[in-house]
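As the structure is a prediction and not an experimental result, all values here were calculated from the model.
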Amino acid sequence: RPFVASGTIVMLVSYQEGEEVQATPGFETIKTLPSFTTITESVVVGMPLKLTVDLFDCPGVVVLVHDDATVIDADLATIRKLEEECKLFEVAPRKSKACKVTE
């Protein structure tokens with residue numbers, strides 16, 4: 001039987017760091033994506049957030065599965081945009097960020 005769906009595993013990236021994670025709004029957005037299957041969260045509200053420099057600093061892993069590969073591509077693009085715009089996490093005080101600023 002041929003494959004009936006496409007999928008990908010997404011290693012999340014944090015382009016910011018801070019002394020305390022106050023919220024994880026990006027995780028909630030990811031959970032609403034059409035191809036969302038599961039998320040493993042490595043970031044905890046109230047704890048520090050590290051800048052991702054290797055797999056040890058990965059803030060989470062997302063599994064996307066859908067019968068239409070273009071849906072997965074669009075969802076992956078959404079996740080990468082959330083990362084680049086530092087919209088995965090709310091942190092305070094922010095120590096540094098390397099995010100694209102959007103207005």
Side-chain angles (χ1 to χ4, degrees):
R1 177 177 167 175
F3 292 113
V4 294
S6 297
T8 192
I9 296 173
V10 183
M11 307 297 275
L12 298 176
V13 177
S14 174
Y15 290 102
Q16 62 181 330
E17 60 182 345
E19 292 182 17
E20 181 180 344
V21 175
Q22 296 183 323
T24 56
F27 287 168
E28 300 312 310
T29 301
I30 289 169
K31 291 174 185 176
T32 68
L33 297 174
S35 67
F36 172 79
T37 301
T38 188
I39 186 170
T40 301
E41 302 172 12
S42 302
V43 172
V44 178
V45 172
M47 298 298 292
L49 177 66
K50 294 182 179 181
L51 190 68
T52 302
V53 295
D54 56 32
L55 289 178
F56 296 109
D57 299 321
C58 173
V61 177
V62 177
V63 176
L64 303 176
V65 177
H66 200 276
D67 57 355
D68 183 347
T70 61
V71 172
I72 294 173
D73 292 342
D75 290 351
L76 178 57
T78 298
I79 291 170
R80 295 304 183 210
K81 185 174 180 183
L82 288 168
E83 292 170 334
E84 292 170 359
E85 294 178 354
C86 289
K87 292 184 178 176
L88 285 179
F89 313 107
E90 293 175 9
V91 295
R94 182 176 287 160
K95 291 181 182 177
S96 68
K97 70 175 187 175
C99 307
K100 293 181 181 178
V101 178
T102 61
E103 300 298 327

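- The two atoms that bring Thr32 and Thr29 nearest to each other are OG1-O, 2.6 Å, heavy atoms only.
- A heavy-atom distance below 4.5 Å is found between the side chains of Ile72 and Ser35.
- Note that OG of Ser6 and NE2 of His66 are 10.0 Å apart. Values are rounded to the nearest 0.5 Å.
- One finds the CG atom of Leu64 at 9.5 Å from the CD1 atom of Ile39 (value rounded to the nearest 0.5 Å).
- Within the model, atoms OG of Ser14 and CG of Leu49 stand 4.0 Å from one another, a figure rounded to the nearest 0.5 Å.
- Glu19 has its side chain out of reach of Val91: every pair of non-hydrogen atoms, C-beta onward, lies at least 4.5 Å apart.
- Residues Val61 and Ile9 form a side-chain contact, since some pair of their non-hydrogen atoms from C-beta on lies under 4.5 Å apart.
- Note: Met11 CE to Ile79 CD1 = 12.5 Å, rounded to the nearest 0.5 Å.
- Taking CG of Leu33 as the start and CG of Leu76 as the end, the distance is 10.0 Å to the nearest 0.5 Å.
- In this structure the side chain of Thr52 never reaches within 4.5 angstrom of the side chain of Tyr15, judged on heavy atoms.
- At least one side-chain heavy atom of Val62 sits under 4.5 Å from a side-chain heavy atom of Leu12.
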Pair Glu41-Lys31, salt bridge (Lys or Arg N to Asp or Glu O under 4.0 Å): steps then yes or no = CA-CA 12 Å; Glu41 302 172 12; Lys31 291 174 185 176; 3.2 Å; yes
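- Between Val13 and Arg80, the closest side-chain pair of non-hydrogen atoms falls below 4.5 Å.
- The hydrophobic clustering, which links ILVMFWY residues whose side-chain heavy atoms are closer than 4.5 Å, places Leu55 and Val63 together.
- Counting only heavy atoms from C-beta outward, the side chains of Leu88 and Glu83 approach each other to under 4.5 Å.
- Leu82 CG to Phe89 CZ: the interatomic distance, rounded to the nearest 0.5 Å, is 10.0 Å.
- At distances below 3.5 Å, not a single donor-acceptor pair connects side-chain atoms of Glu90 with backbone N or O atoms of Gln22.
- Phe36 is connected to Val43 through a chain of hydrophobic side-chain contacts under 4.5 Å among Ile, Leu, Val, Met, Phe, Trp and Tyr, so both are in one cluster.
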